[in-house]
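Numbered from 1 within each chain, the chains take letters A, B, ... in sequence-line order.
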Amino acid sequence: MSVRVRFAPSPTGYLHIGGARTALYNYLIAKKHGGKFIIRIEDTDEERSKREYEKLQLEDLAWLGIEHDIGPGKEDEFGPYRQSERLHIYQEYTDKLVEAGLAFYDFCTDEEIEKMREMNEKEGTSAYTGKWREEAHFAEAKQRVAAGEKTSVRFKVDPTKAYEIDDLVRKNVKFPAQMVGDFVIMRSNGKPTYNFCNVIDDHLHKISHVLRGEEHLNNTVRQLMIYEAFNWEAPKFAHLSIMIGEDRQKLSKRHGATSVHLYKEESYLPAAMNNYLTLLGWSHPEELSVFTKEELFSVFDENRFNKSPAMYDIEKLKWTNGQHIKLMSEDVFFSYANEAIAKDHFYHTQSDEWKKVCLSLLREKINMITEIPKLIDESILNESFVQTDELKDILSWETTPAILNHVKEELKKEEGTHVSAESFNSWMDFCKKELKIKGKPLFMGFRGVLTGQNHGPDLKVLIPLTPIEILRKRINSL
RNA sequence: GCUCCCAUCGUCUAGCCUGGCCUAGGACACCGCCUUUUCACGGCGGCAACAGGGGUUCGAAUCCCCUUGGGAGUACCA
């Protein structure tokens with residue numbers, strides 16, 4: 001059987017990082033087995049679904065490089081792949097179920113249903129107790145439907161049955177049928193519900209493996225009932241561990257940045273995002289923690305999913321991002337940085353030569369490209385010193401005043417916009433040879449006097465990058 | 001409440017299926033040392049976990065049961 005997997009987002013918001021991981025795993029499974037990765041849009045909730053979100057989610061997926069083989073606009077013979085375009089199909093299958101006596105029209109009022117719900121909550125049950133399930137009322141129901149009355153359709157659950165799946169992640173899982181009552185498969189507005197159309201589509205779209213979040217595990221029993229009713233073979237399931245926040249609750253908006261587009265805006269590397277997300281619920285057979293998704297094509301393995309929830313840790317994501325920054329070629333990094341640094345930043349007023357030197361200086365210090373402008377502001381553009389304890393300490397050394405004086409004099413003599421690397425070296429040479437200052441007092445003295453800090457990028461590169469005016473201002477403020 | 005799922009360092013995890021190689025390995029974070037005439041990078045090292053209790057077994061992180069804890073679902077959302 002050929003492998004066909006799908007990612008089935010609801011276009012009700014931006015792409016969530018949990019969704020991105022699910023999509024990635026599906027994509028990877030398809031790549032591993034030479035199968036097809038399908039996108040199906042589940043837009044049956046007409047109030048919340050927006051076409052705009054579909055577009056945005058697809059864009060985010062494209063940014064991650066998770067391209068689908070089949071989906072809306074890329075149809076094959078089993079399409080269409082947008083549920084709103086398949087409504088007639090769901091109606092057809094609903095009718096079949098009703099005909100066969102496996103589903104029934106339900107005319108219960110909202111009040112009656114509410115009462116049922118309350119009862120069930122009290123009793124710890126989930127049974128439908130309305131009268132419409134009974135054969136005796138079917139003729140009446142049929143008449144009312146024929147007369148054009150709107151109604152919902154419920155699936156008739158046989159509470160004596162039990163179902164089980166052989167989940168790729170969780171192995172054998174058993175569900176008693178009583179855990180659910182007769183559930184709605186078709187709403188009174190003519191739209192199908194998730195548990196129904198999802199099954200119809202997975203079957204008709206020839207889906208071989210369903211990889212989805214663990215929050216769907218309990219839904220599986222309802223879906224199994226539908227497969228059984230139609231005598232269809234269910235696909236292979238894999239219920240992936242959920243992603244949780246620091247409070248160990250399912251990751252959601254209140255945990256902060258959970259939308260993929262936010263990471264795109266912050267110039268995270270898609271490769272890093274994929275890398276990190278892959279490791280949240282899956283482990284590399286060689287325990288590698290840095291890799292590209294292409295390197296996973298052959299090595300990805302559906303037997304290495306982890307069952308327990310994974311906490312989303314942005315610090316590790318950042319570290320992963322830093323690893324991928326170090327992996328980039330110089331040219332790619334250069335254009336990436338030019339793209340990511342705000343257009344109005346000082347950086348863009350400098351020569352290409354300056355930019356290249358600056359970038360190679362700062363690259364190894366960062367995990368995020370957005371740290372570059374920040375570092376430039378802090379170490380190149382800051383004009384006055386903050387009298388920190390560290391700075392006071394350096395200034396209190398007996399060797400420092402001599403360095404300060406020498407630098408001050410040299411700075412007066414300098415012409416041009418920047419100090420050349422040669423000049424800077426000669427300053428240091430002078431202090432070393434004539435003033436006999438070396439090692440830490442030498443370097444830290446220069447660093448303190450010229451940058452006001454006790455740490456930062458390599459001085460010999462940093463100082464020639466700093467506009468001479470700024471160096472003068474700094475030194476004069478001392 | 002009911003149903004289902006989960007349980008190894010603070011975090012991501014390896015090991016579990018197919019008990020012994022586990023004195024429990026790796027990674028992030030943190031700390032220390034080395035290197036660098038400064039800072040960082042890097043290298044080396046340290047801290048730190050099998051939730052608890054019962055079994056089974058010569059032997060249990062690994063298999064079974066219970067307890068506890070956590071999570072998900074319980075919609076005419078998906």
Side-chain angles (χ1 to χ4, degrees), chain A residues 8-12 42-45 47-49 83 106 108 110 113 117 120-126 150-154 167 169-171 173-181 183-195 197-198 212-221 239 241-242 244 246 248-250 276 279-290 303-304 306-320 323 326 361-366 379 394 428 432 437-448 451 453-460 462:
Chain A
S10 293
T12 55
E42 307 220 328
D43 54 352
T44 55
D45 182 345
E47 285 188 10
R48 298 199 301 149
S49 297
Q83 291 188 325
D106 178 30
C108 282
D110 289 351
I113 289 171
R117 211 184 54 79
N120 279 325
E121 197 162 311
K122 218 172 68 191
E123 309 275 315
T125 53
S126 47
K150 298 271 180 258
T151 178
S152 61
V153 178
R154 282 177 189 270
D167 194 276
V169 182
R170 278 150 228 291
K171 307 305 165 199
V173 184
K174 295 184 172 73
F175 311 93
Q178 315 104 281
M179 72 188 276
V180 296
F183 57 95
V184 172
I185 57 173
M186 194 59 106
R187 304 183 181 103
S188 46
N189 67 3
K191 300 276 163 54
T193 58
Y194 166 75
N195 285 118
C197 54
N198 195 265
R212 64 191 359 169
E214 194 198 333
E215 64 268 26
H216 291 294
L217 187 57
N218 283 302
N219 283 145
T220 311
V221 66
H239 287 94
S241 61
I242 52 165
I244 56 179
E246 268 184 79
R248 307 211 68 92
Q249 311 258 321
K250 193 165 113 179
Y276 177 67
L279 256 10
L280 240 37
W282 184 81
S283 59
H284 194 287
E286 290 166 49
E287 289 211 59
L288 264 38
S289 38
V290 181
N303 296 315
R304 298 191 65 84
N306 202 90
K307 292 192 273 199
S308 37
M311 192 180 289
Y312 183 70
D313 175 14
I314 201 145
E315 285 308 313
K316 195 153 186 181
L317 202 212
K318 284 183 178 167
W319 174 82
T320 308
Q323 295 300 304
K326 290 178 177 74
L361 172 70
L362 301 181
R363 175 177 181 170
E364 60 184 30
K365 297 185 81 79
I366 59 164
S379 33
I394 294 171
M428 289 197 54
K432 191 164 133 189
I437 306 171
K438 57 178 182 172
K440 192 165 178 169
L442 206 224
F443 271 78
M444 287 305 264
F446 268 88
R447 186 179 287 286
T451 73
Q453 292 160 350
N454 68 336
H455 65 275
D458 185 4
L459 265 191
K460 289 181 173 180
L462 179 68

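Using the Watson-Crick or G-U wobble rule with both distances under 3.5 Å, B:A14 pairs with nothing in any strand shown. Within the shown strands, nothing qualifies as a pairing partner of B:U23 under the Watson-Crick or G-U definition with both distances less than 3.5 Å. Base pairing annotation: B:U57 forms no Watson-Crick or G-U wobble pair, as no partner gives both donor-acceptor distances under 3.5 Å. Of all nucleotides present, only B:G32 satisfies the Watson-Crick or G-U wobble test against B:C44, with each distance under 3.5 Å. In this structure B:A51 sits in a base pair with B:U67, meeting the Watson-Crick or G-U test at under 3.5 Å.
What you find for A:L459 and A:R447 is that their closest heavy atoms are CD1-N, 3.7 Å.
Separating the P atom of B:G26 from that of B:G46 is a span of 9 Å, rounded to the nearest Å. B:G52 and B:A24 are spaced 16 Å apart, taking the P atom of each and rounding to whole Å. Taking the P atom of each, B:C41 and B:C31 are spaced 11 Å apart, rounded to whole Å. When the P atom is compared between B:C6 and B:G45, the two are found 37 Å apart, to the nearest whole Å. For the P atom pair drawn from B:G42 and B:U8, the interatomic distance equals 30 Å after rounding to whole Å. Straight-line distance between the P atoms of B:G20 and B:C66: roughly 25 Å, to the nearest whole Å.
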**OP:** Would you please test A:K316 and A:D313 for salt bridge (charged side-chain N to carboxylate O under 4.0 Å, His left out) and show each step?
**Re:** CA-CA 6 Å; A:K316 195 153 186 181; A:D313 175 14; over 6 Å; no

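Checked by atom type and distance alone, the side chain of A:T151 pairs as donor or acceptor with a backbone atom of A:D106 at under 3.5 Å. Panel note: side chain A:S308, backbone A:S241; no donor-acceptor pair is recorded below 3.5 Å. The main-chain N or O of A:M179 is found under 3.5 Å from a side-chain atom of A:S126 such that the two form a donor-acceptor pair. At least one donor-acceptor pair closer than 3.5 Å links the side chain of A:D167 to the backbone N or O of A:H239.
One atom, CH2 of A:W319, and another, P of B:C30, lie 13 Å apart when rounded to the nearest Å. Put simply, CD on A:E286 is 15 Å from P on B:A14, counting in whole angstrom units. The distance from atom CG of A:L362 to atom P of B:A40 is 15 Å, rounded to the nearest whole Å. For the pair A:E123 CD and B:G1 P, the interatomic distance rounds to 15 Å; values are reported in whole Å. Note: CD (A:E315) to P (B:C12) measures 14 Å, nearest angstrom. Rounded to an integer number of Å, the gap from CD1 of A:I113 to P of B:C76 is 7 Å. Rounded to whole angstrom, the span from the CD1 atom of A:I242 across to the C1' atom of B:A78 amounts to 15 Å. Going from atom CD of A:E215 over to atom C1' of B:A75 covers 16 Å, rounded to whole Å.
Within a 6.0 Å radius of NZ in A:K326, more than 12 heavy atoms belonging to other residues, nucleotides or ligands are found.
Nearest to the side-chain atoms of A:Q249 among the listed nucleotides B:C39, B:G71, B:G73 stands B:G71. Distances from the side chain of A:M179 to the nucleotides B:C39, B:C5, B:U3 place B:U3 closest.
Counting non-hydrogen atoms under 4.0 angstrom, A:D106 reaches nothing in the nucleic acid. When heavy atoms are screened at a 4.0 angstrom cut-off, A:K191 is found touching no nucleic acid atom at all. The residue A:S10 sits close only to the backbone: its heavy atoms come under 4.0 Å of sugar-phosphate atoms, none of a base. Across all strands shown, A:I244 has no heavy atoms under 4.0 Å from either base or sugar-phosphate atoms. Within the nucleic acid shown, A:H239 has no heavy atom closer than 4.0 Å to any nucleic acid atom.
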Strictly under 3.5 Å: I want the nitrogen or oxygen pairs between protein and nucleotides 31-34 of chain B, one per line.
none

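Annotation: of the two residues near RNA chain B, A:N120 and A:V173, the 5′-most nearest-nucleotide partner is A:N120. If A:T125 and A:Q323 are placed on RNA chain B by their nearest nucleotide, the residue sitting closer to the 5' end is A:T125.
Residue-to-nucleotide contacts include a donor-acceptor pair under 3.5 Å from the side chain of A:N219 to the base of B:A78. One cannot find a donor-acceptor pair under 3.5 Å joining the base of B:A29 and the side-chain atoms of A:K316. Side-chain N/O atoms of A:E364 and base N/O atoms of B:G42 include no donor-acceptor pair closer than 3.5 Å.
Between A:R248 and B:G69 there is no side-chain N or O to OP1 or OP2 distance below 4.0 Å.
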